[in-house]
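Just below is one structure, and these are the notes that go with it.
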Amino acid sequence: MAHLFLVKDIAFQAGLSTATVDRVLNGRPGVRRQTEMRVKAAIAELEKQQAGAIGSGRMLAIDIVMETPQRFSDAVRAAFEAEMATFLPGVFRCRFHFAEVMKPAELVQLLDRIRLRGTHGIVLKAPDVAEVAAAVARADAAGIPVVTLVTDLPNSARIAYAGADNRAAGETAAYLIGAFLGSDGGKVLVTLSSGRFRGEEEREIGFRRVIRARYPNIRITEISEGHGTDAATGTLAAAALAADPAINAVYSIGGGNRAVLAAFDMAERPVRVFVAHDLDADNRALLAARRIGFVLHHDLKTDARSAFRAIISRATALPRAVTPSLSSVEIVTPYNMPAAD
């Protein structure tokens, strides 16, 4: 397997031991196909990062850990890769750890493994549960800064949060849906990927507060624990529609929007207004096709930049830590959708 990198660098990128990487590179027996693919992916990632790394400053290797649907992790990866080479002379190298669903114990095990192996920082999208907060505390005690991304762990030892004001985003969704439904009212299906994520909980709190205060003719029903995947979210949405004929609008906090719309189609029910989050590939297509009305979007590149700056401030021992500002929430329609990067 041709490569230009040290075995230890490939091992670091792949999250494997140097002995395992050496066996793969030299074609020795007893290596699983999955392990071989991880080594190949690590080499490809190093090649791409080397091509984009200009300058000769200090290399900061960090880990981005996320429990999230692939459509969102793809967008996050693109944002971090786009911002990576802008921090010169210091250059970041990112290793990505993405899974659509992770048990807290699996996530904690991954964080502890990263801590023991070593890293210059961790960017984390994870549930706000005690086990994860404890793992963050262990990383911080080891001198590893942790920045939370798009959903916060405010009671943990993380050094900063990079993302939008989720409560304000929920309030904005309520304003749009309330103005659209007007005095006719209706019932909104609110979809969450999981109640374990503080960011989603804050969006829902903001949404419910404004609906309750300003739009008394609008009611709310909620589905959760579909983890943003189409199969599980679609099943939950279909059950909600079958149980309640009044549902005529959607506020999608957790994703799975194609599946939600398919559930409405199968039930032969109209959607008067649909508000979603994030300009991922699915939502771009749905917005262009007028299947959804609004997307609440914040720039993930801004979030990546904030995370990088916070980690740099710790790595370079600046006298005052950098506190990232919240990224702004934009209301995107089919008429003002920005071009894809």
note = Of all heavy-atom pairs linking Ile122 and Ile311, the shortest is N-CD1, 4.5 Å

query = Side chains of His298 and Asp303: do they bring a donor and an acceptor to under 3.5 Å?
reply = yes

request  = Report yes or no: do Arg203 and Asn166 form a side-chain donor-acceptor pair below 3.5 Å?
outcome  = yes

request  = Search all heavy atoms of Gly234 against all heavy atoms of Ala263 and return the closest pair with its distance.
outcome  = O-CB, 4.2 Å

query = Does the side chain of Met102 reach to within under 4.5 Å of the side chain of Leu110, using non-hydrogen atoms?
reply = yes

Whether over 12 other heavy atoms sit under 6.0 Å from Arg290 CZ = yes

ask   = Taking only residues at least two apart or on different chains, which pairs with a member in residues 228-283 satisfy ring pair (Phe, Tyr, Trp, His ring centres under 6.0 Å)?
value = Phe207-Tyr251, Tyr251-His277

key: Test item: Arg71 side-chain N/O and Ala281 main-chain N/O as donor-acceptor pair under 3.5 Å   = no

ask   = Quick one: are Val329 and Asp165 in side-chain contact, heavy atoms under 4.5 Å?
value = no

ask   = Counting distance only, does the side-chain N/O of Thr172 pair as donor-acceptor with the main-chain N or O of Ala168 below 3.5 Å?
value = yes

inquiry  = Please say yes or no: joined through hydrophobic side-chain contacts below 4.5 Å, possibly via intermediate residues, are Val7 and Val31 part of one cluster?
reply    = yes

Note, Glu100 side chain near His227 side chain (heavy atom, < 4.5 Å) = no

task = Run the salt-bridge test on Glu83 and Lys301 with the 4.0 Å N-O cut-off and return the result as yes or no.
result = no

query = Does a side-chain heavy-atom distance below 4.5 Å link Tyr215 with Val210?
reply = yes

message = Using only atom types and a distance under 3.5 Å, with no angle test, would you say the side chain of Arg284 pairs donor to acceptor with the backbone of Pro338?
response = yes

ask   = Is there a side-chain contact between Leu296 and Ile331, using heavy atoms and a 4.5 Å cut-off?
value = yes

message = Could you go through Leu149 and Leu124, starting from their C-alpha distance and side-chain angles, then the distance that decides it, and tell me whether this counts as side-chain contact (heavy atoms from CB on, under 4.5 Å)?
response = CA-CA 6 Å; Leu149 180 71; Leu124 179 63; over 6 Å; no

key: Chi angles and distances behind the salt bridge (Lys or Arg N to Asp or Glu O under 4.0 Å) call for Lys103, Glu106   = CA-CA 5 Å; Lys103 295 178 181 178; Glu106 295 170 335; 5.3 Å; no

request  = Would you mind checking if Arg314 and Asp140 are paired as a salt bridge, meaning a charged N to carboxylate O distance below 4.0 Å?
outcome  = yes

task = Could you tell me whether the side chain of Val132 reaches within less than 4.5 Å of the side chain of Leu153, counting heavy atoms only?
result = yes

key: Step-by-step side-chain contact (heavy atoms from CB on, under 4.5 Å) determination, Phe72 to Leu300   = CA-CA 10 Å; Phe72 188 66; Leu300 290 171; 4.0 Å; yes

key: Leu236: partners by side chain to side chain contact (heavy atoms under 4.5 Å, CB included), with sequence neighbours left out   = Ile223

request  = Flag yes if more than 12 heavy atoms outside Arg269 fall under 6.0 Å of its CZ atom; otherwise flag no.
outcome  = yes

ask   = Looking only at atom types and distance, does a side-chain atom of His297 sit under 3.5 Å from a main-chain N or O of Leu279, one as donor and one as acceptor?
value = yes

inquiry  = Looking at Asn26 and Arg28, would you say the former's side chain and the latter's main chain have a donor-acceptor pair under 3.5 Å?
reply    = no

request  = Mind running salt bridge (Lys or Arg N to Asp or Glu O under 4.0 Å) on Glu81 and Arg77 for me, showing each step along the way?
outcome  = CA-CA 6 Å; Glu81 289 178 342; Arg77 178 190 285 268; 3.8 Å; yes

Within the 6.0 Å centroid threshold, strictly below: Phe308 and Phe80 = yes

inquiry  = With a 3.5 Å distance limit and no angle check, can you tell me whether Asp152 reaches the backbone of Asp128 through a side-chain donor-acceptor pair?
reply    = no

query = Does CD belonging to Glu131 count more than 12 external heavy atoms closer than 6.0 Å?
reply = yes

message = Other residues, nucleotides and ligands only: do more than 12 of their heavy atoms fall within 6.0 Å of CD on Gln109?
response = no

ask   = Between Arg167 and Glu171, is there a side-chain N and carboxylate O pair less than 4.0 Å apart?
value = no

ask   = Does Ser73 reach the main-chain N or O of Phe98 with its side chain, forming a donor-acceptor pair under 3.5 Å?
value = no

remark   = Note: Ala310 and Val147 closest approach over all heavy atoms is CB-CG2, 3.9 Å

message = Between Val24 and Arg32, is there a side-chain heavy-atom distance shorter than 4.5 Å?
response = no

query = Between Ser194 and Arg196, do the side chains contain an N or O donor and an N or O acceptor separated by less than 3.5 Å?
reply = yes

inquiry  = Quick check on the hydrophobic clustering: are Ile64 and Val146 connected, directly or via other members, by side-chain heavy-atom contacts under 4.5 Å?
reply    = no

message = Less than 6.0 angstrom from the centroid, inside 45 degrees of the normal: does Arg209 satisfy that with respect to the ring of Tyr175?
response = no

ask   = Which pair of non-hydrogen atoms, one from Glu67 and one from Val101, has the smallest distance, and what is that distance?
value = OE2-CA, 3.9 Å

ask   = Is a side-chain donor or acceptor of Tyr161 paired with a backbone partner of Val150 at a separation under 3.5 angstrom?
value = yes

Taking every non-hydrogen atom, the tightest pair across Thr233 and Gly226 = OG1-O, 3.6 Å

query = Which pair of heavy atoms, one from Thr119 and one from Ala61, lies closest together, and at what distance?
reply = OG1-O, 3.2 Å

remark   = Rounded to the nearest 0.5 Å, the CD atom of Gln70 sits from the OG1 atom of Thr229 at a distance of 12.5 Å

task = Could you give me the CA-CA distance, side-chain angles and deciding distance for Asp112 and Arg115, then say whether salt bridge (Lys or Arg N to Asp or Glu O under 4.0 Å) is met?
result = CA-CA 5 Å; Asp112 284 340; Arg115 170 176 56 84; 3.2 Å; yes

inquiry  = Test of understanding: with side-chain hydrogen bond (donor to acceptor under 3.5 Å, both in side chains), list the residues that count as partners of Ser193, not counting sequence neighbours.
reply    = Glu200

inquiry  = side-chain contact (heavy atoms from CB on, under 4.5 Å) for Ile253 and Glu204? Distances and angles first, verdict last.
reply    = CA-CA 8 Å; Ile253 295 174; Glu204 184 190 20; 4.0 Å; yes

query = What about Leu16 and Ile10, same hydrophobic cluster or not, with Ile/Leu/Val/Met/Phe/Trp/Tyr joined at side-chain heavy-atom distances under 4.5 Å?
reply = yes

ask   = After noting the C-alpha distance and the side-chain angles of Thr302 and Arg305, does the key distance pass the side-chain contact (heavy atoms from CB on, under 4.5 Å) rule?
value = CA-CA 5 Å; Thr302 299; Arg305 196 175 312 127; 4.0 Å; yes

task = With sequence neighbours excluded, tell me which residues meet side chain to side chain contact (heavy atoms under 4.5 Å, CB included) with Asn283.
result = Asn257, Ala276, Asp280, Leu286, Ile292, Val295

task = Find out whether Val123 and Val65 are in side-chain contact, i.e. whether some heavy atom of one side chain is under 4.5 Å from a heavy atom of the other.
result = no

query = Does Met66 belong to the same Ile/Leu/Val/Met/Phe/Trp/Tyr cluster as Ile114, with side-chain heavy atoms less than 4.5 Å apart forming each link?
reply = no

Partner set under side-chain hydrogen bond (donor to acceptor under 3.5 Å, both in side chains) for Arg38, not counting sequence neighbours = none

Donor-acceptor pairs are to be reported for all side-chain atoms of residues 178-192 against protein atoms at under 3.5 Å, with residues two or more places apart or in another chain.
from, atom 1, to, atom 2, distance (Å)
Lys187, NZ, Asp244, OD2, 2.5
Thr191, OG1, Ser252, OG, 3.4

